[in-house]
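Here is the structure we will look at.
Remember, it's 1-based here, ligands and their atoms both numbered in the order they're listed.
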Amino acid sequence: MVIDKDFVISDIDKRIYGSFIEHLGRAVYGGIYEPNHPSADEQGFRQDVLDLVNELQVPIIRYPGGNMVSAYNWEDGVGPKEERPRRLELAWGVIETNQVGTNEFMDWAKKANAEVMMAVNLGTRGIDAARNLVEYVNHPGGTAWSDLRKQHGYKEPHNIKTWCLGNEMDGSWQIGQKTPIEYGRLAAETAKAMRLVDPSIELVSCGSSGAGMPTFPEWEAVTLDHTYDFADYVSLHQYYENHDNDTANFLANSLDMENFIHTVISTCDYIRAKKRSKKTINLSFDEWNVWFHSKDQDKKLEPWSVAPPQLEDVYTFEDALLVGCMLNTLIRHSDRVKIAAMAQLVNVIAPIMTENGGGAWRQTIFYPFYYTSVYGRGMALKPIISSPKYDSTDFTDVPYLDTSVVYNEDKDEVVIFAINRHQENTLQVDIDARSFEGYEVAEHVVLQNDDPKAANTLGHEQVRPHNKGESYMEGGKVVGILPRLSWNMLRITKNKEQ
Ligand code: AHR
């Protein structure tokens, strides 16, 4: 592997380490909010959960959905709590009590040191509800909606900058599913009205629900033809599964993610060329993760309960490895991927789990996310790699070594995130860090477990990192020893004594 200061991909937009909280399952009720919990603050937010969220340093959180937003009336979630309606929440077959809504979530996000990426309902509603919401949250005052916010106790506007124009509108499961032309027209007109209310906002046009959709990438081409001049980003969503228990193939899924990103970039740039536009549309990968463990369980849920356990995947060690590869993929494409959201943050396909009334803990996937978010800030460098490769059921030429490199100039630090996909062999990585003279290995963190299916439960963390990785300097090169099936972070810093 060769790394060099001059091989710059891009400054990393920290928002690629974003996440997502949907009104779904126990993400909100029993997750971030549980007024009777021993750690609850005066607003009912669980402090133990906030502590874990703060550890992850998540800079932006998408809200309130997801599928749920496509039938959501935001007005139900503001004003006196005792007057808020209980509604049938059709996307997930539950009852929504509306005890948490826009204002409470903004308060919570402040406590989590995160900005909010707000989605509007383009399923059952449209221009009017969206522009009213922008006025309610962002207009300083002196109008009906902004004064209503003040009346609700929020004198200052929330100034929400980033907005999603609906969610997965191509999906048959979506309430108010649209054809690409229907969506493109509605999204463009909604964007226009929202921008008239607040010209400073940024907008995300809905891309396909996944690369496997039959309408991908035609959906992007047709919708962007309408939304190109109004939107700043297009969304990508992708989840991976390991139903066949085929570890080699499962870990190769980040190659599919990479391909997905390339195709979306090409489609955006095709529309740019077609329109003779000078503007570049960037990517918001605002739903990504592993999701499959809980699917059978979820089919058995009784309808119309309040905050039942839904999408509660218990993540394994090998899931954490794929999550590490997916994070590397985002970093390697940080020239075009400017926002991303690991879906989701608490209880629902999440790095953080809770027990109602009980403790909170870190799932296996918490760790690669934590280290990458905390140490992956700065400039993405393009490593030149030569790695042995393998073929799997669905992929050919899968490199055993998956890596990304981040240079933090302020800290004089180069951080290498590296996964060894090999199930039997240690991988020795010889790193020619030619332009980083006087740098040495400061830390080598390793996440490794002999059992790919090892998982973490409350009070029993089988999968946790250590920082006793075997790396050393030899002949001016860094030698990294990556154990079989492992996630690694090598921090290389300037020796200040030299
Ligand atoms: O994150 C779970 C669900 O996955 C979201 O609600 C939806 O947008 C996607 O299909």
Side-chain angles (χ1 to χ4, degrees), residues 18-29 31-32 58 60-72 89-94 96 105 116-124 162-178 183 187 204-216 219-220 223 233-241 253 257 260 283-299 301 307-315 319 323 326 339-353 363 365 369:
S19 191
F20 179 26
I21 289 277
E22 178 168 1
H23 280 252
L24 157 56
R26 299 189 308 121
V28 174
Y29 309 109
I32 65 168
V58 181
I60 188 165
I61 304 179
R62 189 165 172 252
Y63 177 84
N67 296 339
M68 170 270 189
V69 81
S70 294
Y72 180 55
E89 199 293 288
L90 304 181
W92 300 104
V94 296
E96 172 57 55
F105 191 75
V116 170
M117 180 183 195
M118 185 68 80
V120 299
N121 173 355
L122 292 191
T124 60
T162 316
W163 294 78
C164 302
L165 295 162
N167 176 72
E168 297 191 347
M169 300 307 306
D170 58 334
S172 56
W173 57 90
Q174 208 65 220
I175 296 158
Q177 183 195 8
K178 306 269 182 290
Y183 173 74
V204 184
S205 185
C206 243
S208 297
S209 309
M213 293 297 285
T215 46
F216 173 73
W219 171 274
E220 278 73 1
T223 58
Y233 309 92
V234 63
S235 70
L236 294 83
H237 290 183
Q238 191 67 48
Y239 297 98
Y240 293 112
E241 358 192 292
N253 274 312
M257 182 184 194
F260 185 18
L283 277 50
S284 171
F285 213 124
D286 48 41
E287 282 190 38
W288 67 268
N289 205 345
V290 172
W291 171 17
F292 71 105
H293 297 283
S294 58
K295 284 193 173 167
D296 288 340
Q297 182 60 30
D298 284 353
K299 289 185 195 133
L301 280 171
Q310 286 174 302
L311 282 67
E312 297 205 357
D313 274 38
V314 175
Y315 287 113
D319 296 333
V323 161
M326 293 175 89
I339 305 175
M342 181 197 237
Q344 299 192 11
L345 186 55
V346 184
N347 287 333
V348 170
I349 41 174
I352 299 168
M353 290 297 287
Q363 292 233 59
I365 61 169
F369 189 90

Considering only heavy atoms of [X], which atoms of ligand 1 have at least one such atom less than 4.0 Å away?
| X | answer |
| --- | --- |
| Gly66 | 5 (C), 6 (O), 8 (O) |
| Glu22 | 5 (C), 6 (O) |
| Trp92 | 3 (C), 6 (O) |
| Ile349 | 1 (O) |
| Glu168 | 7 (C), 8 (O), 9 (C), 10 (O) |

Quiz prompt | Mutual orientation of the aromatic rings belonging to Phe105 and Tyr63 [parallel < 30°, tilted 30-60°, perpendicular > 60°] | solution =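 Parallel, since the angle between the ring planes stays under 30°.
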Practice problem: Let me know which of Trp291, Trp288, Phe292 forms a ring-ring contact (aromatic ring centres under 6.0 Å, His included) with Tyr239. | Solution: Trp291
When you measure from [atom] to every protein heavy atom, which one gives the shortest distance, and what is it?
| atom | result |
| --- | --- |
| atom 1 (O) of ligand 1 | Tyr239 OH, 2.8 Å |
| atom 3 (C) of ligand 1 | Glu287 OE1, 3.7 Å |
| atom 7 (C) of ligand 1 | Asn67 OD1, 3.2 Å |

Going by atom types alone, do [X] and [Y] pair a side-chain donor with an acceptor below 3.5 Å?
| X | Y | result |
| --- | --- | --- |
| Ser208 | Glu220 | yes |
| Glu89 | His23 | no |
| Asp170 | Ser209 | yes |
| Gln174 | Asn67 | yes |

Practice problem: Say whether Asn289 and ligand 1 are in contact under the criterion: heavy-atom distance to a ligand atom below 4.0 Å. | Solution: no
Quiz prompt | Heteroatom proximity flag, Trp291 to ligand 1, N/O under 3.5 Å | solution =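 In fact, backbone or side chain, Trp291 has no N or O that close.
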Practice problem: Could you tell me whether the side chain of Trp92 reaches within less than 4.5 Å of the side chain of Gln310, counting heavy atoms only? | Solution: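 Yes, close enough: below the 4.5 Å cut-off.
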